[in-house]
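The structure under discussion appears below in the form of structure tokens.
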Amino acid sequence: MPVVETAGALLEAGFVPLPLLHGKKHIDVEATGRKAHHFHTRSKQMKNLVFASLTTSLADFPPSKEEVERWFQSGKCNIGLIGGFGNLAVLDFDDMRSYERFSAQNQALASVSPTTQTPDGMHVYVRSKHPMISSSLYCGMKRIGHVKALGGYVVCPPSVLNAGGRYAWMPGRSVFDCQPQVVPDLAALGLSTVSLVKRLYDDALGRGGFVDR
């Protein structure tokens, strides 16, 4: 299927597709009609700011079908999916061992969730009960990957990397075959955005929230 048709099908299925540079993971910012300031500065911090602001904006104000067709009209790009839209949260496991441990502990969820095999690990698509921001992903003391939600995105099949490797849906587990399941929070899955020690420390000091005055 041509990339523009795949992007259109993803939009119709309730996801926000994002053009990525051909053979790469980075957003093709200029294809969306915006300025890619990070190219001029060569700054990683600037790149992260541009990517986070763009994906957050598009999660709140998703593009039209016509805009998506324009973004992908060249046909020479990879596809990303924006986190946060509809409370989409993608669990990005850095390696197969971490995913297999998660899957064993959450068999019912893992067996029905859209899942992608990546060059190094796995992506599992869920929807959070409440809005969630992109962050690191921990299991106990060990950082095992990232959660891609508001302010983030993931590379989506059938993207291929110049450096080697491709993204592919697990059989019968694409977003066209099944829907991301709603989860109350990461703790219900035995996961966290911080290490166990950091979470206990913040809880003891009452950190992590704010008072709306």
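- A salt bridge (charged side-chain N to carboxylate O under 4.0 Å, His left out) check over residues 83-92, counting only residues at least two apart or in different chains, returns the pairs D92-K148.
- Separating the CG atom in L189 from the CG atom in N106 is a distance of 5.0 Å, to the nearest 0.5 Å.
- L81 and L21 are members of different hydrophobic clusters when ILVMFWY side chains are connected at heavy-atom separations under 4.5 Å.
- Remark: T118 OG1 to H123 NE2 distance equals 5.0 Å, nearest 0.5 Å.
- Placement of V126 and L88 in two distinct hydrophobic clusters is found when ILVMFWY residues are connected by side-chain heavy-atom separations under 4.5 Å, directly or transitively.
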* Step by step, would you call L10 with V175 a side-chain contact (heavy atoms from CB on, under 4.5 Å)? -> CA-CA 8 Å; L10 288 166; V175 293; 3.6 Å; yes

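- Taking CD1 of I82 as the reference point, atom CD1 of I27 lies at 7.0 Å (rounded to 0.5 Å).
- Closest of all the heavy-atom pairs between W71 and A31 is CD1-O, 3.2 Å.
- Looking at L20 and D28, their side chains never come closer than 4.5 Å, going by heavy atoms from C-beta outward.
- Partners of H26 under the ring-ring contact (aromatic ring centres under 6.0 Å, His included) rule, at least two apart in sequence or in another chain, are F51.
- The two residues V68 and P63 have their closest heavy-atom pair at CG2-CG, 3.7 Å.
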* Check the pair K44, N48 against side-chain contact (heavy atoms from CB on, under 4.5 Å), reporting the backbone distance first and the verdict last. => CA-CA 6 Å; K44 184 176 180 179; N48 291 341; 4.0 Å; yes

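- Considering only heavy atoms from C-beta on, V112 stays 4.5 Å or farther from C178 through its side chain.
- T32 contributes a side-chain N or O that, together with a main-chain N or O of V29, makes up a donor-acceptor pair within less than 3.5 Å.
- In this structure, V182 and N87 have side chains that are not in contact, with every pair of non-hydrogen atoms separated by 4.5 Å or more.
- Contact between R173 and W169 at its shortest, heavy atoms only, is O-CE3, 3.7 Å.
- In R143, the CZ atom is crowded: over 12 heavy atoms of neighbouring residues, nucleotides or ligands sit closer than 6.0 Å.
- A distance of 10.0 Å separates OG1 of T41 from CG of L49, quoted to the nearest 0.5 Å.
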* When you look at F72 and I79, which way does the side-chain contact (heavy atoms from CB on, under 4.5 Å) test go after all the steps? -> CA-CA 9 Å; F72 289 90; I79 302 180; 3.8 Å; yes

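- Pairing each heavy atom of A36 with each of E30, the nearest pair is CB-CG, 3.9 Å.
- Within 6.0 Å of CD in E67 there are more than 12 heavy atoms belonging to other residues, nucleotides or ligands.
- In this structure, the side chain of N78 engages the main chain of V160 through a donor-acceptor pair within 3.5 Å.
- When the options D177, T115, T116 are evaluated for a side-chain contact (heavy atoms from CB on, under 4.5 Å) with M170, the one that passes is T115.
- Within a 6.0 Å sphere centred on NZ of K47, other residues, nucleotides and ligands contribute more than 12 heavy atoms.
- Using a 4.5 Å heavy-atom cutoff, the side chains of V154 and Y125 are in contact.
- The local environment of CD1 in I133 is sparse, with at most 12 non-hydrogen atoms from other residues, nucleotides or ligands closer than 6.0 Å.
- Hydrophobic clustering (ILVMFWY, side-chain heavy atoms < 4.5 Å, transitive): L18 and F176 are in one cluster.
- Residues I144 and L191 form a side-chain contact, since some pair of their non-hydrogen atoms from C-beta on lies under 4.5 Å apart.
- Although no hydrogens or angles enter the test, the distance criterion places no donor-acceptor pair under 3.5 Å between the side chain of S57 and the main chain of L54.
- Judged by distance alone, the side chain of R127 and the main-chain N or O of F85 form a donor-acceptor pair under 3.5 Å.
- Atom CZ of R97 has 12 or fewer neighbouring heavy atoms from other residues, nucleotides or ligands inside a 6.0 Å radius.
- What you find for V124 and S113 is that their closest heavy atoms are CG1-CB, 3.8 Å.
- With contacts defined as side-chain heavy-atom distances shorter than 4.5 Å, the pair L186/M132 qualifies.
- When all heavy atoms are compared, the tightest approach of V155 to S159 is CG1-CB, 3.4 Å.
- Side-chain contact check for V90 versus Y153: every heavy-atom pair is 4.5 Å or farther apart.
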* **Chi angles and distances behind the side-chain contact (heavy atoms from CB on, under 4.5 Å) call for Q117, Y99** => CA-CA 10 Å; Q117 183 163 9; Y99 167 74; over 6 Å; no

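- In this structure a side-chain-to-backbone donor-acceptor pair under 3.5 Å is present from S134 to L150.
- Taking CD from Q107 and CZ from F102, the interatomic distance works out to 11.0 Å, rounded to the nearest 0.5 Å.
- Hydrophobic clustering places V183 together with M122 (ILVMFWY residues linked when any side-chain heavy atoms are closer than 4.5 Å, directly or through intermediates).
- To the nearest 0.5 angstrom, K65 atom NZ is 7.0 Å from E12 atom CD.
- By the criterion of side-chain heavy atoms lying less than 4.5 angstrom apart, applied directly or through intervening Ile, Leu, Val, Met, Phe, Trp or Tyr residues, M96 is not grouped with L161; the two fall into different hydrophobic clusters.
- Contact check for F93 versus C139: no side-chain heavy atoms found under the 4.5 Å cut-off.
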